[in-house]
There are 4 protein chains.
Amino acid sequence: MSKTEFDALKEEIRAFAQARDWEQFHTPKNLAMAITGEAGELAAEFQWLTAQQSVLEALSGERLEAISLEIADIQIYLLRLADVLRVDLPTVVRKKLEINESRF
Amino acid sequence: MSKTEFDALKEEIRAFAQARDWEQFHTPKNLAMAITGEAGELAAEFQWLTAQQSVLEALSGERLEAISLEIADIQIYLLRLADVLRVDLPTVVRKKLEINESRF
Amino acid sequence: MSKTEFDALKEEIRAFAQARDWEQFHTPKNLAMAITGEAGELAAEFQWLTAQQSVLEALSGERLEAISLEIADIQIYLLRLADVLRVDLPTVVRKKLEINESRF
Amino acid sequence: MSKTEFDALKEEIRAFAQARDWEQFHTPKNLAMAITGEAGELAAEFQWLTAQQSVLEALSGERLEAISLEIADIQIYLLRLADVLRVDLPTVVRKKLEINESRF
């Protein structure tokens, strides 16, 4: 089976961290904390918007760009956390969807 | 080009939401808020652990399972948000990594 | 000057932690993480509500009770963090309001 | 009974919002979202610090100042949310402590 995009990105992000000697900071605890920080920045983009103002058609190009980069930050740390915990993201997403299927 | 795993998951999650008539709730604002909620649950798993207790080798199987499902929850809402905002996750991740390259 | 309610609560919360030998867990880092966890739970109460459904008059008594206890959790950890960092909450609140006065 | 510091601050923050015509933005939902944003900023101050580096004695004056202002931001939005939901903070804090007493 060919490598998924998830694995490819995971490796690029790992290489980025290794090149800067940042692996020492990337404990699961610290990465979880970094995710809350980035999630907070994403929330800040939306906090004073109405639901209507938050949809794609209503967002300015500039704000959509800012939001995209916040989404990227969360994805980067999530991939990094999945990497250090040896969690396969597509696998756990499908597992969680199955649990949700039986619940809702 | 073949569909990436990101796109495949995005479509599965969209179908899940459509089947339950949940699209009405999935405004970008609400999804950003849901991400902070799930990030908070992930943080709660780690909050009283030391850095040493948070690493893969030190986590119990039960806790690692719980953490994996919290990671999945964040990934699910992030894919859903990327879907409603027409953001391609691998593209914005690589864009952000390039910005970080020039910064650090 | 008489003790403020902030100081009184701070001392009650400190006594609660001491009685359970929890001070060892209450590093500023861990308390900051606990605040994000509780803030996430508060967000979860509101995430699928419209702005209109979130106002006092529209909330059920049960949900208002749940929200009040989430607010309390954040306040408890904020008082605990202020305690271990020797930060006087009314003082820093007024300082921040002054900064905001000059900004907005 | 004389007014508590909580009530005094609540009124100062309300006046600040009224003077800027910001009350329209201060729905409970938006305020809960703002709290997660500020909690994320507080987390960001601590995310790469070890537990030992996060204690009062180890923090630089500059960082302690930055942390104090993040704490203030959370307290301000928490007081504002308590105000719009007519929640008395000392009352709910003591109620939650009692619940915790019976639990732990």
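The analysis underlying the following values was restricted to heavy atoms, covering all of them including side chains, and did not include hydrogens, waters or symmetry mates. Order of the sequence lines fixes the chain letters, A, B, ..., with proteins taken first and strands second; residue numbering starts at 1 for each chain.
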Which atoms of [X] approach chain A - backbone, side chain, both or neither, heavy atom under 4.5 Å:
X: B/Thr50; result: backbone
X: B/Leu89; result: side chain
X: B/Phe16; result: side chain

Assess whether atom CD of A/Gln24 is packed by more than 12 heavy atoms of other residues, nucleotides or ligands within 6.0 Å.
yes
If you count heavy-atom pairs within less than 4.5 Å of chain B, which of [options] leads?
options: A/Glu57, A/Lys95, A/Glu12; result: A/Glu12
options: A/Leu97, A/Ile99, A/Leu59, A/Thr91; result: A/Leu97
options: A/Pro90, A/Ser54, A/Ala72; result: A/Ser54
options: A/Asp73, A/Leu9, A/Thr27; result: A/Leu9

Using a cut-off of under 4.5 Å for heavy-atom pairs, which of [options] has the most such pairs with chain A?
options: B/Gln53, B/Lys96, B/Gln52; value: B/Lys96
options: B/Glu70, B/Arg86, B/Glu65; value: B/Glu65
options: B/Val87, B/Ile74, B/Ile13; value: B/Ile74
options: B/Asp88, B/Val84, B/Leu79, B/Val92; value: B/Val92

Quick one: do A/Glu101 and B/Arg20 make a salt bridge, cutoff under 4.0 Å?
yes
How long is the gap from CD1 on B/Ile71 to CG on A/Leu81, to the nearest 0.5 Å?
4.0 Å
Which bit of A/Asn100 is near chain B, if near means a heavy-atom gap under 4.5 Å: side chain, backbone, both or neither?
both
Output a table of donor-acceptor pairs, distance under 3.5 Å, between side-chain atoms of residues 30-43 of chain A and any protein atom two or more places apart or on a different chain; print 'none' if there are none.
unit_1	atom_1	unit_2	atom_2	d
A/Asn30	OD1	C/Lys29	NZ	2.6
A/Asn30	ND2	A/Phe25	O	3.0
A/Asn30	ND2	D/Gln47	O	3.4
A/Thr36	OG1	A/Met33	O	2.7

Parallel, tilted or perpendicular: which fits the ring planes of A/Phe6 and B/Phe6, with parallel below 30° and perpendicular above 60°?
parallel
